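Keep in mind that this is a model prediction, so the values were computed, not measured. Labels below follow one simple rule: chain letters A, B, ... track the order of the sequence lines, proteins then strands, and each chain is numbered from 1.
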Amino acid sequence: MNPEYVGAVVISGLVIVFLGLILLIIAVNVMGAVFKGIKGMRKKQKPADPVQDSPRVIPMPSEPLVIPQSEDEEIIAVIAAAIAAIGESTGKRLSIKSIRQKNTRSSWAGAALHENTRPF
Amino acid sequence: MNPEYVGAVVISGLVIVFLGLILLIIAVNVMGAVFKGIKGMRKKQKPADPVQDSPRVIPMPSEPLVIPQSEDEEIIAVIAAAIAAIGESTGKRLSIKSIRQKNTRSSWAGAALHENTRPF
Amino acid sequence: MNPEYVGAVVISGLVIVFLGLILLIIAVNVMGAVFKGIKGMRKKQKPADPVQDSPRVIPMPSEPLVIPQSEDEEIIAVIAAAIAAIGESTGKRLSIKSIRQKNTRSSWAGAALHENTRPF
Amino acid sequence: MIQIFLDTLADLARSSGLAALQWQNAVMILISFVFMYLAIKKGFEPLLLLPIAFGMLLTNLPLTEMYHPELWNIDEGAELDFGRILHEGGLIDYLYIGVKLQIYPALIFLGIGCMTDFAPLIANPKSFLLGAAAQAGIFLTFIGAAALGFNANEAGSIAIIGGADGPTSIYVSSKLLNAGGYEVEVGTIALAAYTYMALVPLIQPPIMRALTTKKERLVRMEQLRTVSKTEKIIFPIAVTVIIALLVPSAAPLVGMLMLGNLFKESGCVDRLSKTAQNELMNIITIFLGISVGATTVASKIISVAFLKVILLGVVAFAVGSASGVLFAKLMYLVTGGKVNPLIGSAGVSAVPMAARVSQKVGAEEDPTNFLLMHAMGPNVAGVIGSAVAAGVLLSIIPH
Amino acid sequence: MIQIFLDTLADLARSSGLAALQWQNAVMILISFVFMYLAIKKGFEPLLLLPIAFGMLLTNLPLTEMYHPELWNIDEGAELDFGRILHEGGLIDYLYIGVKLQIYPALIFLGIGCMTDFAPLIANPKSFLLGAAAQAGIFLTFIGAAALGFNANEAGSIAIIGGADGPTSIYVSSKLLNAGGYEVEVGTIALAAYTYMALVPLIQPPIMRALTTKKERLVRMEQLRTVSKTEKIIFPIAVTVIIALLVPSAAPLVGMLMLGNLFKESGCVDRLSKTAQNELMNIITIFLGISVGATTVASKIISVAFLKVILLGVVAFAVGSASGVLFAKLMYLVTGGKVNPLIGSAGVSAVPMAARVSQKVGAEEDPTNFLLMHAMGPNVAGVIGSAVAAGVLLSIIPH
Amino acid sequence: MIQIFLDTLADLARSSGLAALQWQNAVMILISFVFMYLAIKKGFEPLLLLPIAFGMLLTNLPLTEMYHPELWNIDEGAELDFGRILHEGGLIDYLYIGVKLQIYPALIFLGIGCMTDFAPLIANPKSFLLGAAAQAGIFLTFIGAAALGFNANEAGSIAIIGGADGPTSIYVSSKLLNAGGYEVEVGTIALAAYTYMALVPLIQPPIMRALTTKKERLVRMEQLRTVSKTEKIIFPIAVTVIIALLVPSAAPLVGMLMLGNLFKESGCVDRLSKTAQNELMNIITIFLGISVGATTVASKIISVAFLKVILLGVVAFAVGSASGVLFAKLMYLVTGGKVNPLIGSAGVSAVPMAARVSQKVGAEEDPTNFLLMHAMGPNVAGVIGSAVAAGVLLSIIPH
Ligand code: NA
Ligand code: NA
Ligand code: NA
């Protein structure tokens, strides 16, 4: 192959990959800002809830929800340890209440019942 | 399109749809009559069972069996209410003992065991 | 068809089928011998365990593991009876601890969890 | 090298989808978002409308080469060139083969058959009449479509929307709209059909209330008799034979529906029944949805013809529901008040939603009146009825 | 308009299936009902016989255009025109492509491999001899078929029924009966094979009792040794290599069977194993059954040739079972009474029914004699044996 | 008759696989055993490597007629003859059609989308940069391949191994290596890609440790924000639109990945999501593995070119991992120490193993440091990144 051709492939390839993913960063940031704005507007309408004053602490218990379905038990143990550690530092007792895997199954059973009522 | 053609499509369409479904009514009625006849012959052979004197009341508890697999919980509640209402009027306590959905699963597990013994 | 052709088909067919399956017998015997050899070498390295002196009696409890997935309950009952009979003759109480069918399911659930961590 | 790099970038910019995006595509993409919203947030038949809307999105993103309408829009009388489709096609073209060869709707009917309980219909076979009456919506819409200037193939495809049955609509329209050059296509028919099916709980109640009296709506129907297992096994076989002998072109749909039902009722092939109604149907639904959605090119949606389809679709549903109710009123009169006319509207199919609407409207008058099972009879009869109507349309209209 | 309407109705009447129904079709429809009855009420291999019988029904309802024999009955030496099949075919023609291309039997073998435990065979490899001996049924039936006037391709297709293995029978017959004009076809072979497989518990016991003495039937066999996981993993690989090197034409069947078994025994691809033995196999079974059933056109069933097939089929099963028992008697003699001859009949395949028959006949003499596991060895060896026999037939008989 | 019998036996001996076995086949069979060993005993991506290795075995057993390379190795500019493939092909040829038409990788991406949680990426969109940086491995390997004398199509196919994504590698290489006569083929690319993906836990840690300081490895990252359901639903739609408009040739992979993710996140089509990520993906994986494995003919593996591929593959993984780590170091500097550089290596894809490696190497320094979720962001971004890179390669390199 012509070295110039190789160089063109490499540079344009890298540029486009970065360009594409930077566009996605922008899009996600815009989306996040919009949702923050919506939430902000809603909060103004509600009277401020004193318990919700520390937004960085509250979301933690829901952290396990972001665990991908594919975690095996080893990882779950790691997560549990991590959450426990976080919990200690914030002075709250946190525990894993549910791993997505289970939710999926039980909700699936319910969903099947529901969806079958109007499938095709 | 030629209006006569349109008319022909519409009328022959309706006629055939009705014809087809009326033929099915006849077929189902014939089938029902045959089965009634068979049951009647069997009953004659058996001595009349006094408990089976009121045939319209007895089948009710089996009503839930006709529930299609696709019913969601809302409908199940409706059915339960309806059955309860019927039950009161006949002076019997009736309750939903099984919804097909469950039957299917447990019987499936059994069937898998059985069918695997002679599958292909 | 030419009778000679028919004869050739039949005889060569039978010969090849037997030839193929005899080759498999040899292969399996060789494999078995190799594994016996490996086990033997391992045993020599370990001090002889007095409990393992009667090798023909010990493997019995693991017999149920060879039950094909497809056995239905009737067969399971037969097996249970057979094992009980064997157990009496050897003076040990044996029982079916697990049928493959169940193992498959529970191990499947675990496997799904594990495999999903590195699927594609 | 910088020159080549810049040339390559310029090439890529020129070959980017943004450069090729036309306003019609942009509008179609927005419409696909609307349907995704309806499917996800409003629960409009999401199993079909979500894949259809995503197929619509993919096909309107330029240069993705996933679907090529030019491979499918052949001249009348010409034949599809499957060799060329395999060579030049993209993923969605390959998936669309199953639509074009009518494979998907038949296999979906197999799965539906495995899920359908015909016992209420066997217990009360007169329900078949309501399943027939509601098909009037199909044929009257055919008149309307003809009046609005559609040709026979287009009119047949639009009319079948009134059958309130998604797979049947796709089956008929993919067969009638075989050549290119029509003003509607499979995708628009499917969109309209599934949207209106989702709207059944809104469309039907006012019609039902307008056409019935309070006294009629209060009718309590007699307990349905128990149906024996043997009857349930014979039923699908008998229906297959009778319908196929009368209208052979309805056989693929009716036959597969009844084979599925035989799987279910025979009780001896549960593993086949389970797979047909779950995994097989789900796989087919994904393939069907994406590929049918991809046929919705801009020129067929952003057009007067599509507005007409939307209009005719709601007419079809309304007329079908009304015919069912009116016929049920007739049965009310003939039987001396034993039939509640509210179960007539369930004859349009849209299982089991239409039956639930009957139950709900009935319960508004008398919460202890239990119409659901009585409405399931006309409801499943409506599925058979629209398959028969589909067969008639396919055998009358040349394609 | 009335004239057009009447014309249309007359057209529809003329184009109805009833007008086109011939007495042969009617007889075939009745025969399909018999097979449905056998499948549902008598439990004759319902997973296959129910779809086959329904395919038989659909194909004999005239004008349904679901299956077109004329697309498949090509002249010898000619090639199938797949373009034409896609253009002019119906649903069942499309499904039948998977039979014609031999895809379905191989994939069913994949699933069977995932369900089969070869441990009893590895523990007692001499069982292979019984799996070989029982294939004598195949080859002696070949002689019988030749004597009754069938040509080589027909005789090979009939003989393979004696393998007591459904997918193998379909694999061989769909390959040997490639051209049109034969007196038998895939559907009749499959019908006979599955019917006789269902009849194994009736056919075998009298033969087994007649050929064995009470003393032989009372033989208690030695406990089988435990087989290690590594042996179970190496076994399918070794079988694939050895059989494919010896009889390459047996490789598709044996290779897929062993791949499935490797999925099972390796323990590291459970999700593939589970899908291969459940959903994939169920989908293939539905498609295979319907389409194989549809090939049973009247002219091939209502014929003397079919009676001969029925006769030869039972001969094949009986000879196969007897050969197995006799060879097992030989092993009884050679081993000084360590082999119970009753396990010989299990060599015909028909897993696991033939093995259960051995268990049952043995238990009649001595209820505490546990032959099942010992019979599973010849039983699974029989599957390999008939696949090898299939390979031999395919490599000897030109097609 | 004895003469005919002997002739037949001689024929069969001559037509046996053993007679036709060449030393290259024997070596290839041994190599297939090695890969089976790695898959089963060492856990090297068994879901793909086990079927691939078995396909490799089957294709190197002579005369099995399951795969015919001559049907697929066409001259440049010529077209595949699908009619001939159907007539003369074997089972694996039929399965391979789905690879050649790019159907399997796209459907596997559908399933992966159903299993992927993009929340960590939405919560921290800067992770996209790491997913982009790690693709440097692809492009630098392209240079290496060019330097070692490969032509553009071969170099592109080898380079994509650095994407650490199996389906993407198969997608790109089956498209770029369309004509025959190349020194590499799809099978060897897939073997290398999945082997190195399995080796990620060995390849990455030394590189990560070498390029980072202890202080950097100890960085604790901020808690990720919670992502709302609506954001998760909009994300796949937005990614599809943006990427397809920028690089249309990436649309099939990215579009199907995002459709799967939309199935998952919408929550209203669980039955489709479940089937797409289980049964459908398992079926496709079996078909893909066997047929891709069968393309590994001896002449392409026992060659200098394959050694080069092995070498370039490890370079690609190492460079990709290093680029990711170095870019993450840059982000560490720019953000004033808020980014732990260990998460950079996760940008290569190989979900979720690369992210677990980041977690593990981080935990070696501080067992309470919980990097997994932070590494999942770059990890899933890497999947998108390599799909975009694939699109770029396909749009630049003529094929
Ligand atoms: Na309808
Ligand atoms: Na056999
Ligand atoms: Na990547």
* To do: Check step by step if side chain to side chain contact (heavy atoms under 4.5 Å, CB included) holds for M258(E) and L58(F).
  => CA-CA 11 Å; M258(E) 293 302 153; L58(F) 289 176; over 6 Å; no
* Asked: After noting the C-alpha distance and the side-chain angles of H87(F) and L80(E), does the key distance pass the side chain to side chain contact (heavy atoms under 4.5 Å, CB included) rule?
  -> CA-CA 8 Å; H87(F) 284 124; L80(E) 285 174; 4.1 Å; yes
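Taking 4.5 Å as the limit, every side-chain heavy atom of L63(F) sits out of range of all side-chain heavy atoms of S249(E).
Of the inter-residue distances, the one linking L272(E) atom CG with T285(F) atom OG1 reads 6.0 Å to the nearest 0.5 angstrom. For the atom pair L101(E) CG and Y94(F) OH, the distance stands at 4.5 Å (nearest 0.5 Å). Summarising the geometry, atom SG belonging to C268(E) is positioned 11.5 Å from atom CD belonging to E45(F); distances are rounded to the nearest 0.5 Å. Taken from CD1 in I290(F) to CE in M256(E), the straight-line distance is 3.5 Å, to the nearest 0.5 Å. Once rounded to the nearest 0.5 Å, the distance linking CG of L91(F) with CD of Q102(E) reads 9.5 Å. Rounding to the nearest 0.5 Å places CG of L107(E) at 6.5 Å from CG of L95(F).
In this structure, chain E has a heavy atom under 4.5 Å from the side chain of F287(F), while its backbone stays farther away. Of the two parts of E279(F), the backbone and the side chain both hold a non-hydrogen atom closer than 4.5 Å to a non-hydrogen atom of chain E. Contacts between L61(F) and chain E at a heavy-atom distance below 4.5 Å involve the side chain alone, from C-beta outward. Both the backbone and the side chain of L18(F) come within contact range of chain E, each with at least one heavy atom under 4.5 Å from a heavy atom of that chain. The parts of L86(F) that come within reach of chain E are both its backbone and its side chain, each placing non-hydrogen atoms under 4.5 angstrom from that chain.
Taking 4.5 Å as the heavy-atom cut-off, the residues of residues 24-39 of chain F that approach chain E are F33(F), M36(F), A39(F), ordered by number. Below 4.5 Å, heavy atoms of chain F meet heavy atoms from S395(E), I396(E), all part of residues 392-399 of chain E.
Pairing each heavy atom of P248(E) with each of G17(F), the nearest pair is CG-N, 3.4 Å.
Annotation: maximal heavy-atom pairing with chain F below 4.5 Å, among T230(E), L262(E), I97(E), occurs at L262(E). Contact count against chain F (heavy-atom pairs under 4.5 Å) is highest for T275(E) among T275(E), I237(E), L110(E), L280(E).
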